[in-house]
Each structure stands twice: as C-alpha cells, then as structure tokens.
Amino acid sequence: MESRITKKFKELRLKDKKALITYITCGDPDLKTTIDLVLSMERAGAHIIELGIPYSDPLADGPVIQKASLRALRAGTNIDTFLEMIPQLRKETDIPIALLLYYNSIFRYGIKDFLDRCKGLIDGLIIPDLPLEESQGLKKLMEDYPMDLIPLVAPTSQSRIKEIVKDSHGFVYCISSFGVTGKRRDFNLDLADLIKDVRKYTDTPTAIGFGISNSNAIENLKDFADGLIVGSAIIEKIEESIGCEDTVKNVEGFVRQLKSAML
Amino acid sequence: MKVIELSKKFGRFGGQFVPETLMNALIELENEYLKAKEDEDFISAYRYYVKEYSGRPTPLYFAENLTKKLGGGKIYLKREDLNHTGAHKINNVIGQVLLAKRMNKKRVIAETGAGQHGVATATVCAMFDIDCEIFMGKEDTERQSLNVYKMKMLGAKINPVTSGTATLKDATNEAIRNWVANVEDTFYVIGSVVGPHPYPTMVRDFQRIIGDEVKEQIIEKENRLPDYLIACVGGGSNAMGLFYPFCNEENIDIYGVEAGGLGVDTDKHAATITKGSIGVIHGMMTYLLQDKYGQIQPVHSISAGLDYPGVGPEHAFFHSTGRAKYVSITDEEAVNAFKTLTQIEGIIPALESSHAIAYLLKLGPKTKKDDIIVVNLSGRGDKDIHTISKYGGVL
C-alpha cells in the first residue's frame, strides 16, 4: 500500500519540485495549538509534517527540541492524548504526517497496538534510536500498514548505506552533519556524496535534516536532495511567542519564508 | 584466523538502540576491542597498570569482627576500596583508555554520578596525557563537590548538566549527545556495564579481574569456592565484575543489592530490577523505572552512584534466568551499615558499598557457620562523610 508520503513525493517529482518538511513537537505548547500549527504550516506551503512525540530522554535532540519536549510533557501530553488529537486533525487535513518518536515510547505502548491506532492517520515513523540492526522486526510488522519506516543515514554511515536504504519506503532521512538536532552554520561538505551514495542503492526520495534553520541554508541545500526538513528553527518561533497569542501566525509567516526559498 | 564475534545481546537484553551516527563508531570499537583482547601486548599493558598504578590485586580481607557479630558464615570483604582513586572504577578506565590510545583518539569523554568514575577517568587521562571532559549532573556536582575539585585538579574539564533531572541519567544523555557530535576523534569511556553493545561486555571484561582474583584468593585461604556473593548494583559494574567469573558455579547464591531509597513502595528509590519494567535507555534494552508511557522516571538514592533508573543488561538477564537475586536496601539501612562497618572493622565504606554491607547484615545471621560469604567493598567512603553528617549520622 502506498503511503501519503510516497504519493506526495511522486506528485512533487512530476512537477519537478522539492518537498518542504516541517517539524513541531506535539503538545508544545498544547495539543490544540498543535492542530492549528499543522494547518497553518500546510497553508504556508509545507508538503509533509513531522510530528514529535515528546520524550523524557531525547538522545538525538539538541537543547531546543529537548525544551519543547519538556514543555509538552508538562502540559500533559502523552501517547493517549496524542492519539485522541490525531483523528480531529485528520478531519481538517490530508497532509502526509510522519511521527518522530523514541523507540521506548512505542515499545512500552505495545508496537502492534500503536500501529493499529495510527492506521490510516499516520503515514510514517522516524525512530532516531532504532538503527538498522534493531529495526527488522518493526519493519516487517509495518509491511501490513500504509505507513513507512523512514530510515536515517548519517555522514558516518559509509558502507552501511546500502543495507539501510535497500527496500526503503517514504523517504531516506539524510542527517546533514555530526551532532544532534539544532541550528548550525556549517554542513558536512560531503553531503553531496552522501546523497549520491544513497541514490546508488535506492530510488526512494531523499530529504536532508538537522540544522537547517533559514532561507539561506535552504537555498544552499535544496538542489542536493528531494526534500528538506526544518525543525528546531520552527520550535524557536514557538518558544519566542510563548505567552502571547501570535504563535500560529509567527510560525505560518516563518514557514512561508522557508517555502519561498525553496522555489 | 578464527572469526570471533561478541554476542550483541544477553537473551532479549542489551543491543544497540542508538542514533545511526554512532553505529560505525560502535562497530569500530567492537572490532578494535576484539583485536585487543587477543593481543598479548594490550593484555600485559592492562595487567601492568592495574598492578603498578592501581595496586592490584586488592586484598580479600577476612572480617573476623563482623563474622563474630553476625554469628553466621565467614565474611570476606573484597577490598576494591583500596584501589588508586578509591573504587573499582579504575579497572575499567585503564582498559578503556588503553583502547582509546590504541585507536589514536585525541579526546576522552565520560559521564559520572558520584564522581568516582569521573575521578578515575581524569586520573588515567592525566597519566596518559589525553584531553578529558566529564559530564556530571548539576545536582551531583553539588552533592559531590570534593570529587569535582579533584577532577579539575587533574586537568579535566567539567560539564555540569542541567537538562532533565540533572543527575547521572542526564549526564549520560549529554555524554552520548557530545559523542554524536564528535564521534571521529572522541572516545566515550562508559563507567558501568551499561550503554549500547559492546560496552556492557567490554566493561564486564575489564571488571572481571575482581571475581578472578577472589576465586584465586578464596581457594588459597579456604581451599574452596564461596557460598554467597553480595554486591551493590547501580549500573552494576562492580557486581558484574565479581559475579561473572562465578556465574556457572550453580551452588553459589548471588545477590545484587539495589538502592531502595526511602522504600520501594514510595516513589523515591532506584530499585530498577525490583520495581522496574522492560524498556530502552541509553542504547540498551533492560529493566528501567518508567511510567506507563515509557517516560523515564526520576529516581532517588542517598548514594549518587546508585541513583540511576536503568541497570546493566546482563543483570537484567541474570534476573530473568534466576541466576542472581536482586534485593533492595533503603537509605537508612545503608547509613546504619556504613556506621557498623566503620565502627566494627575500622573500614569506612562508600555509601554505594554500604548497601551491600546492609544486605550482609540481614543475610549473615541466617547462614551456617561453615558458609563463606564474599562481599564486594566497591569503594571507600571518604567522599560520603558530608552526606552522612547531613543525614544526622555523626558517629
């Protein structure tokens, strides 16, 4: 079964366009705002939404997303409240949604139960602490769902790339450089080589993430891959507007800027 | 050449639940470790430094007074507190830093809770002239300010960690994040039998010298193996070091003692196996203290070294097979044991090790006179005097 993510990339490919993928943490500052933020990012031109499930120990994340996780957890967000929110969001939009979650969240919930609850609502899973070696069981299980397990490749992956991307679906998440999520000035100079390596072994679309924070970075990177992922920089807009009512407007404006840099 | 492979898991426990960025570093580490393990030069360097620099073998001391007091089996204390830097931690650090040198890594990072592993790492790095950065929870830097001062004197850079609960768990997260960012030139010296494969196996191998020595020493003294082994378990490296060489001796009862804090029925303890459930933390599948959503819970112990919500995967495995029993001791029982050992034997134990002593005080009287009990005295208590006095425990 083709996921919404796969369909979206096909559609964009036909038009020779690149995907803008935007990330927010669910429940930051609260779940109602999460719905409004997703809709506003869609209005501003995002093609795919990445939603983070807040976690107490987000190993792969830098301080900005760590703080967002903490705010969301303090606001009472958990998998149950998230699963109640998602059908409401789906009434409003058909935009492809990938979840970013840590393995323990889904393991503890019960993997099959979680997939059943997400069926038809969620289109992909990105699990930053589940490398190839640990993901085989989940990957097999997900074959029965219209949901992609998005593989990650890093600048250090080298000879592992072939195995990681073979039989991949949705897109291949290409980590821009060393380190955790968050803004950065310099990108791995070998990024073009990394994408080339990925493309050698798969036709699955590629998207670059980690550290893309503004229009400038987008202009520099957009020709490398099929999509770009922006996370921490959007979270900062949310963080800046805590306590005032402009959160949704600010994020929408920012995503519009990013979108125009994609063109 | 024979291809040797290390198993990545202990039953269902262990594994490598880490970001992809680290995977090649873990594979490289495993390969280099496998080579080093078979390399006579590496092994003799390890043996040289644990002997000449750290003072091994540590004595297996017959605690005659305590034996009389408890009225049960003969009690032997494995004096890991007499190691250089005051705990068993240095056994592992010497092994890993030698490996870092072998791999030409320019920089070493480590996490620390009580500061014992941090001090051991800073010490060995000072000796080998390697850059050293220590990640330590802000709360722990305050509880263990003496060790912070020592590490600074030794030339290490201290990074106080304020994220999460600002204790050992968060220091470990931060060390892993730092490793992800600097993986090409940095060696991460993990301080316990935790983390992604190959660390739990490798740290166990560097700590098993404890149990190997005990085996030799007890045979020399008693001409037979012990009946009971007792050690405290936070991550569990001193315990695994003692237990592992005996794990196939089925007649030996093995006890791992967890931190019961204010009591295992309160929410202030760190009794991971006793009260926890299976999940993933710091790259391994193991028992951990978590809520129904898999969020890792804050833990408590009077001893910073046991204040950890996870446990080494091989301990989880020993628990699941019944090879070892895991029990818990409260803060108060540990403090009382601290006083008892100090007064009766003139040995001031670390608060971590006091948990093992406290369980001995319970178990000892129930054993037979001709039984032999070995307790791992994993560290000395100088660092804890302040905590004890604050607890109202002036002797």
Side-chain angles (χ1 to χ4, degrees), chain A residues 53-63 66-67 69-70 73 76-82 101-110 114 127-135 151-161 163-164 172-182 184 188 210, chain B residues 8-9 12 14-28 30 161-165 169-186 195-197 276-286 288-299 309-310:
Chain A
I53 302 288
Y55 189 55
S56 57
D57 292 72
L59 259 190
D61 285 305
Q66 286 176 43
K67 277 190 267 170
S69 260
L70 208 61
L73 289 172
T77 313
N78 57 49
I79 288 195
D80 286 332
T81 58
F82 159 75
L101 43 75
Y102 285 85
Y103 187 58
N104 200 43
S105 303
I106 166 171
F107 176 80
R108 178 76 168 152
Y109 189 88
F114 186 77
I127 309 180
D129 59 348
L130 197 72
L132 174 71
E133 283 79 353
E134 303 289 353
S135 65
L152 292 102
V153 297
T156 50
S157 294
Q158 298 157 7
S159 61
R160 297 167 50 78
I161 292 176
E163 280 300 306
I164 293 173
V172 176
Y173 195 128
C174 303
I175 297 173
S176 67
S177 40
F178 297 115
V180 292
T181 58
R184 61 203 64 183
N188 181 22
F210 281 40
Chain B
K8 287 187 170 57
K9 295 204 173 167
R12 66 182 296 194
Q16 295 175 307
F17 297 86
V18 294
E20 169 60 23
T21 307
L22 292 181
M23 282 306 296
N24 254 333
L26 291 173
I27 293 166
E28 185 195 3
E30 177 176 6
V161 174
T162 52
S163 61
T165 52
K169 162 187 89 100
D170 309 285
T172 308
N173 286 337
E174 219 47 63
I176 294 174
R177 289 183 186 118
N178 188 283
W179 196 31
V180 173
N182 301 286
V183 62
E184 291 195 310
D185 68 349
T186 297
H197 174 75
S277 50
I278 297 173
V280 170
I281 182 173
H282 297 147
M284 58 181 164
M285 181 158 294
T286 186
L288 58 135
L289 294 167
Q290 57 183 334
D291 71 6
K292 65 184 269 211
Y293 299 110
Q295 309 290 352
I296 293 164
Q297 295 300 289
V299 290

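Predicted model only: the values in this text are computed from it and were never measured. Within every chain, numbering begins at 1; the chains are lettered A, B, ... in the order of the sequence lines, protein sequences first and strands thereafter. When reading the values below, keep in mind they use all heavy atoms of this one structure, side chains included, and skip hydrogens, waters and symmetry mates.
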Please check if the side chain of [X] supplies one atom and the backbone of [Y] the other of a donor-acceptor pair under 3.5 Å.
| X | Y | result |
| --- | --- | --- |
| A:Glu134 | B:Gln16 | yes |
| A:Ser56 | B:Ile296 | yes |
| A:Asn104 | B:Gly294 | yes |
| B:Arg177 | A:Asp61 | yes |
| A:Thr156 | B:Thr21 | yes |

*asked:* Any salt bridge linking A:Glu133 with B:Lys9? Criterion: basic side-chain nitrogen under 4.0 Å from a carboxylate oxygen.
replied: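 Salt bridge between A:Glu133 and B:Lys9, a charged N being under 4.0 Å from a carboxylate O: no.
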Working to the nearest 0.5 Å, report the span between [atom1] of [X] and [atom2] of [Y].
| X | Y | atom1 | atom2 | value |
| --- | --- | --- | --- | --- |
| A:Arg108 | B:Ser277 | CZ | OG | 3.5 Å |
| B:Phe17 | A:Phe107 | CZ | CZ | 7.5 Å |
| B:Met23 | A:Ser157 | CE | OG | 9.5 Å |
| A:Asp129 | B:Ile281 | CG | CD1 | 11.5 Å |
| B:Tyr293 | A:Thr81 | OH | OG1 | 7.0 Å |

*asked:* Only pairs of heavy atoms separated by less than 4.5 Å count here; which of A:Asp57, A:Val180, A:Leu132, A:Ile127 has the most with chain B?
replied: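 Ranked by contacts with chain B, first place is A:Asp57.
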*Looking at A:Leu130, A:Ile79, A:Leu152, A:Asn78, which has the largest count of heavy-atom pairs under 4.5 Å with chain B?*
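The residue among A:Leu130, A:Ile79, A:Leu152, A:Asn78 with the greatest pair count is A:Asn78.
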Which atoms of [X] are under 4.5 Å from chain B, going by heavy atoms: the side chain, the backbone, both sets, or neither?
| X | result |
| --- | --- |
| A:Leu70 | neither |
| A:Tyr55 | both |
| A:Asp80 | both |
| A:Pro54 | backbone |
| A:Ile164 | side chain |
| A:Ile106 | neither |

*Please name all residues satisfying salt bridge (Lys or Arg N to Asp or Glu O under 4.0 Å) with B:Asp291, sequence neighbours left out, ordered by chain then number.*
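Here no residue qualifies.
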*Identify the two heavy atoms, one from A:Phe178 and one from B:Val180, that lie closest to each other, and give their separation to 0.1 Å.*
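Between these two residues, the closest heavy atoms are CB-O, 3.7 Å.
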*Nearest heavy-atom neighbours spanning A:Ala154 and B:Glu20*: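 Minimum heavy-atom separation between A:Ala154 and B:Glu20: N-CG, 3.9 Å.
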_Side chain, backbone, both or neither of B:Gln297 within contact of chain A (heavy atoms, under 4.5 Å)_ =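 Interface part for B:Gln297: neither.
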*Side chain, backbone, both or neither: which part of B:Ile278 has a non-hydrogen atom closer than 4.5 Å to chain A?*
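Answer is both: backbone and side chain atoms of B:Ile278 are under 4.5 Å from chain A.
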*Which residues satisfy the side chain to side chain donor-acceptor pair (under 3.5 Å) test with B:His282, sequence neighbours excluded?*
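Side chain to side chain donor-acceptor pair (under 3.5 Å) list for B:His282, sorted by chain: B:Asn173, B:Tyr308.
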